[in-house]
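Below, chain A is the first sequence line, B the second, and so on; all start at residue 1. All values derive from a computational prediction rather than experimental measurement. Below, each value reflects all heavy atoms present in this structure, side chains not excepted, and no hydrogens, waters or symmetry copies.
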Protein chains: 2
Amino acid sequence: MALELIQDKLKGIETNSLVDRVEARLVELLQSRQLKVGDTIPKEIELAEIIGVSRTVIREALLRLRTMGLIESRKKKGAVITSPDIFGNLSKSMNPYLLDDNTLREVFELRLVLEVGMADLLYHRITKNDIEDLRRIVQDEPTDAENRIFNVNHEIAFHGKLYEISGNQTMRKFQKMLLPVFEYVHESGLLKKPASRKKFISHRGLVDILENGSPEMFRNAMRNHLDNHFARLFD
Amino acid sequence: MALELIQDKLKGIETNSLVDRVEARLVELLQSRQLKVGDTIPKEIELAEIIGVSRTVIREALLRLRTMGLIESRKKKGAVITSPDIFGNLSKSMNPYLLDDNTLREVFELRLVLEVGMADLLYHRITKNDIEDLRRIVQDEPTDAENRIFNVNHEIAFHGKLYEISGNQTMRKFQKMLLPVFEYVHESGLLKKPASRKKFISHRGLVDILENGSPEMFRNAMRNHLDNHFARLFD
DNA sequence: TAATTTTATTATGTCATACATAATTATGGC
DNA sequence: GCCATAATTATGTATGACATAATAAAATTA
């Protein structure tokens, strides 16, 4: 009885719940001990004894670490440190229906910022094969008349390929997460201005610049290509 | 015995663990029912009965949602939907000592991409007050001779202010998360080339361009300003 | 009656125990 | 020495109990 109070006394007053504190201690432990990926941490029961709480609490704390991708637990083997997939878990909360309007708009902006700013990575890492892939993709660049689904697929194929070329997996994962949100914002009534039909620099044009131009040129071209989206933000 | 198999039979074969499936069902539930922030979801015991698993499993699944920031649970009141702070939880796993080298480098790149690409947001939202703030900050722009800590603080003040001006809270939070990683990569031996002493466009120069130039100019200037970092990536 | 204090209720937080499950290790036969 | 089988072990899941805190209901008082 009054167990929590006793724990408080023992460990100094902390405001959070027991699991919170245990979690913090575990994270601290992981960080302090220069653990490498693949190292195992003590078993649940051992941790329970060491810290002096029930296995339930330990399990809840470990579960959080697992949810954050800091550890993976295998039967018999105990939990092992993993290199966290920083965006892996994020995708579940990155849901248009659960985010408030302002955040949605900000995520929309984030994609635009990334694509305008990624030029240098592209130029440094692009290969001849990539150019060929892009050529194949833009070969069927749809006109405005064609149906929306096809348009969306083409958009995803082209811009997705760019993220791939960037050679930055983290950014690519991030983009994949942003995609549904972007789609949602684009289609929803969240942005005041309607999408314009005006044509800006095409995907084809971007490929040409990627092949023969410079990062500066590409940044400006991409900015132009995305002007429809930018214009809807800035009204 | 063979409870899991029975569950599989009932619900169609799914590969993941029981908690995984329950979690998925709960997320699905939250999304389908057009729930607004503040709405409550059924009690743990009710959920256990509805889905047909023990309270333990329900609790673990709910705990994940809580860790992801989708819900908050209050005693007696049950769990309530919250607008997820998408990057809130991420900060725990965004730890230099837990990320592998490649991810670290990619996060490093991510920051560069963001700052080069954010120009349009800046120009659209900057105010006279912001310019004054920036002027105050660059007034004490340190020279190379001065000590590192001061340099770092100045860097953070200046670039942080830019994110603030962008008006994109999501991006700002993201940057705050990236900062320690960036610092770590910059200081560590992860990048092959040493940091150059060569001077590029200064913070002062960036402010001038922000005041009188265009987004195009700013992008190029920022790219130049960050060339030290870019050069270390591209060797 | 209205306001305030006290008590009861209720849902989550924590603990404890038991067993299932899957992976590893040990054993045994050849 | 190799392969199949059995024992071990740590996590996964279920169940039941009580603590705690927030709320609702009841009782007391002005």
Side-chain angles (χ1 to χ4, degrees), chain A residues 1-11 13-26 38-82, chain B residues 1-11 13-26 38-82:
Chain A
M1 176 257 308
L3 175 64
E4 231 178 277
L5 284 179
I6 295 170
Q7 304 263 1
D8 279 345
K9 288 278 196 293
L10 287 175
K11 303 179 182 177
I13 311 96
E14 295 178 21
T15 61
N16 307 330
S17 92
L18 191 50
V19 176
D20 287 329
R21 280 173 280 160
V22 171
E23 179 200 350
R25 261 193 79 165
L26 289 178
D39 289 354
T40 64
I41 63 179
K43 335 291 178 195
E44 293 177 353
I45 297 181
E46 293 174 21
L47 286 173
E49 283 168 3
I50 293 171
I51 301 186
V53 297
S54 79
R55 191 182 154 215
T56 307
V57 172
I58 295 290
R59 275 188 66 77
E60 294 215 357
L62 287 179
L63 177 56
R64 291 193 190 176
L65 302 192
R66 216 169 329 163
T67 303
M68 295 188 295
L70 293 183
I71 63 173
E72 260 176 25
S73 29
R74 312 223 142 237
K75 290 197 176 181
K76 164 85 177 181
K77 203 59 185 286
V80 300
I81 309 284
T82 61
Chain B
M1 178 253 309
L3 175 64
E4 233 179 271
L5 286 178
I6 296 170
Q7 305 262 1
D8 280 344
K9 288 279 193 296
L10 287 175
K11 303 179 183 178
I13 310 97
E14 295 178 24
T15 61
N16 308 327
S17 90
L18 192 50
V19 176
D20 287 329
R21 281 173 280 160
V22 171
E23 179 200 351
R25 262 194 78 166
L26 289 178
D39 289 355
T40 64
I41 63 179
K43 335 293 177 194
E44 292 177 354
I45 297 181
E46 293 174 21
L47 285 173
E49 284 168 2
I50 293 172
I51 300 185
V53 296
S54 78
R55 192 183 152 214
T56 307
V57 173
I58 295 291
R59 274 189 67 75
E60 293 216 357
L62 287 179
L63 177 56
R64 292 194 191 175
L65 303 193
R66 217 169 327 162
T67 303
M68 295 188 294
L70 293 184
I71 62 172
E72 264 177 21
S73 33
R74 314 223 140 235
K75 290 198 178 181
K76 165 82 178 183
K77 203 58 183 290
V80 300
I81 310 282
T82 60

Distance, rounded to the nearest Å, where B:Glu72 contributes CD and C:dT12 contributes C1': 14 Å

Salt bridge (charged side-chain N to carboxylate O under 4.0 Å, His left out) partners for B:Arg55, two or more places apart: B:Glu44

Between CG on residue A:Leu62 and CD on residue A:Glu23, distance to nearest 0.5 Å: 10.0 Å

Approximate separation, where rounding is to 0.5 Å, of B:Thr40 OG1 and B:Ile71 CD1: 11.0 Å

d(CG, B:Leu47; C1', C:dT12) in whole Å: 13 Å

Nearest-0.5 Å distance, CZ of residue B:Arg64 to CG of residue B:Leu70: 12.5 Å

Side-chain donor/acceptor contact of A:Ser54 with base of C:dA16 under 3.5 Å: no

Stem segments of DNA chain D by first residue number [Watson-Crick or G-U, under 3.5 Å, at least 3]: C:1-30 with D:1-30

With a cut-off of 3.5 Å and sequence neighbours excluded, list every side-chain donor-acceptor pair involving residues 46-54 of chain B.
from, atom 1, to, atom 2, distance (Å)
B:Ser54, OG, B:Thr56, N, 3.3
B:Ser54, OG, B:Val57, N, 3.4

B:Arg66 and A:Val19, any side-chain heavy atoms less than 4.5 Å apart: no

For B:Glu60, all residues meeting salt bridge (charged side-chain N to carboxylate O under 4.0 Å, His left out), sequence neighbours excluded: A:Arg59

Where protein sits on nucleotides 4-11 of chain D, one letter per nucleotide: B base, S sugar-phosphate only, - none, heavy atoms under 4.0 Å: ----BBBB

B:Val80 side chain near B:Asp39 side chain, heavy-atom distance below 4.5 Å: no

Whole angstrom value for the distance that separates P of C:dG13 from CD1 of B:Ile58: 14 Å

d(CD, B:Glu60; P, C:dG13) in whole Å: 13 Å

